[in-house]
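What follows is one structure encoded as structure tokens, with my remarks underneath.
Each ligand, and each atom within it, is numbered from 1 in the order the structure gives.
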Amino acid sequence: MPWDEIAGQERAVRLMRRALARNQLHHAYLLVGPEGVGKELFARLAAQAANCEAGEADARPCGVCGACAAILRGTFPDVFWTRPQSELVKRGLVNKGDLENTPSREIRVDEVRQLARRLAFSLVRGRRKIAIIAPAETLNERAQNALLKTLEEPPPDTTFFLITSQPDELLPTVRSRCARLMLAPLAQELIAAQLQKRGVAALEAQAKAESADGSLARALEMSAEELSRRSELAARIEAALAAPDERDALDLAEGLAERDTAAELIEVLRERARTTLVSIAHEGGGRDAAPLLREYDLCGEVAAALERNGNPRLQLERVLLGARAIRSRSRPTTSSAQASTGAVHGR
Ligand SMILES: [Zn+2]
């Protein structure tokens with residue numbers, strides 16, 4: 001059953017199927033979500049549902065009719081994928097030797113104009129033209145402005161899907177022309193289950209799911225080495241955060257100040273905050289999410305600072321000491337007497 005191919009996106013799937021069943025598709029959707037959660041699959045399933053020849057109820061594509069099969073192969077004349085050249089080469093859709101220059105990592109204005117020209121024709125075979133731009137943040141500024149013109153005067157019977165993990169990279173004018181559909185990061189249990197479905201052993205599946213940042217694609221490509229490096233790193237971070245004084249955290253920052261490792265430490269810490277947040281959201285149980293959110297946000301800020309060429313050691317100290325402070329403030333105190341004794345000893 002095609003919609004079952006996509007896991008963990010019940011809300012977005014429900015919204016899309018309702019729009020399809022009522023024949024009320026928007027002219028353009030911004031499909032937003034982290035890498036590897038099924039955004040392209042979602043767009044392909046929507047294209048199949050919009051053009052399936054079997055006529056099943058509830059916008060359910062049959063997956064086997066001529067239209068569904070051609071859309072899966074990428075040969076359906078009313079479904080258009082636009083990707084940067086570098087991505088086409090990577091997927092083996094274009095031969096590097098056939099290009100005059102190095103394959104571009106951007107989607108350029110010519111490519112958007114070509115898409116607009118093709119969309120101006122009437123339907124060839126299906127019921128709705130679907131234009132999928134992936135990833136949309138690779139549209140350069142001129143290309144975005146050209147796309148904006150098309151979005152402002154949309155061709156008839158056409159729906160755009162702009163796929164992105166970085167919506168802020170798009171011009172506000174482009175974003176505001178699109179209905180936003182959020183695809184959620186995947187829960188760990190779901191990633192683990194999907195890995196097991198693909199033949200990964202249960203323990204390994206669980207470990208990969210824990211390090212995958214909510215991305216099934218990431219979990220699938222994770223190697224055993226990477227996995228053990230990350231779990232070792234996670235253990236060192238937790239030990240430094242739980243240590244009685246700050247020395248361990250400062251030592252860890254100094255030891256890992258090389259840039260790649262610094263980024264990885266922040267990612268591991270952020271991932272742990274994120275997965276705990278997801279499990280709180282799934283399980284409920286009254287646990288306070290605010291400190292975890294602060295820790296998650298702190299990791300995001302520090303990662304951004306590091307990317308802007310911040311000093312790795314200072315940024316590591318900032319994130320580790322910051323996380324220690326957040327955790328010590330949120331640690332439950334058993335009684336006020338004990339808390340005040342602790343404070344006296346601490347000064
Ligand atoms: Zn079909």
Side-chain angles (χ1 to χ4, degrees), residues 1-33 35-83 87-88 91-94 114-136 150-151 154-164 178-184 186 190 193-194 197-198 216-217 220:
M1 201 56 63
W3 282 115
D4 296 345
E5 286 177 49
I6 190 162
Q9 305 298 350
E10 286 75 15
R11 183 174 169 276
V13 167
R14 197 168 59 239
L15 289 170
M16 179 52 52
R17 288 179 71 173
R18 195 184 314 154
L20 281 159
R22 294 178 180 168
N23 207 8
Q24 285 175 345
L25 278 191
H26 284 277
H27 288 296
Y29 290 92
L30 193 61
L31 274 186
V32 181
E35 296 292 340
V37 297
K39 299 187 292 298
E40 293 193 8
L41 176 59
F42 184 94
R44 192 255 286 165
L45 289 166
Q48 287 178 314
N51 288 293
C52 177
E53 290 157 358
E56 291 185 30
D58 300 328
R60 189 182 296 131
C62 74
V64 293
C65 70
C68 282
I71 291 169
L72 179 63
R73 285 197 305 270
T75 57
F76 194 72
D78 296 311
V79 174
F80 307 89
W81 287 85
T82 304
R83 302 181 189 274
E87 201 50 40
L88 295 174
R91 289 165 188 252
L93 297 168
V94 162
Q114 191 190 5
L115 173 66
R117 277 197 298 275
R118 292 162 76 188
L119 290 172
F121 290 109
S122 46
L123 286 155
V124 177
R125 176 175 165 191
R127 294 190 302 278
R128 193 154 189 96
K129 285 170 277 180
I130 305 286
I132 304 163
I133 301 181
T150 311
L151 294 178
D157 310 315
T158 300
T159 291
F160 283 86
F161 286 98
L162 274 61
I163 289 177
T164 185
C178 302
R180 186 180 281 236
L181 260 182
M182 303 292 288
L183 269 66
L186 304 178
L190 196 145
Q194 292 288 322
K197 244 191 205 172
R198 290 164 170 81
L216 178 58
L220 282 169

Completion exercise
Under 2.8 Å from the Zn ion (ligand 1), the protein N, O or S atoms found are Cys52 SG, Cys62 SG, Cys65 SG, Cys68 SG
Practice task
Could you tell me which residues satisfy side chain to side chain donor-acceptor pair (under 3.5 Å) with Arg17, sequence neighbours excluded, listed by chain and number?
Solution key: none
Handout entry: Contact check, side chains of Leu186 and Gln9, non-hydrogen atoms, under 4.5 Å
Key = yes
Completion exercise
To the nearest 0.5 Å, atom CD of Glu40 lies from atom CG of Leu45 at 12.0 Å
Handout entry: Between Arg118 and Gln114: side-chain donor-acceptor atoms closer than 3.5 Å
Key = no
Exercise for the section: Check the angle between the aromatic planes of Phe161 and Phe42 and answer parallel, tilted or perpendicular using the 30° and 60° thresholds. Expected result: perpendicular
Exercise for the section: Any chance you could lay out the side chain to side chain contact (heavy atoms under 4.5 Å, CB included) test for Asp157 and Arg127, step after step, and finish with the verdict? Expected result: CA-CA 7 Å; Asp157 310 315; Arg127 294 190 302 278; over 6 Å; no
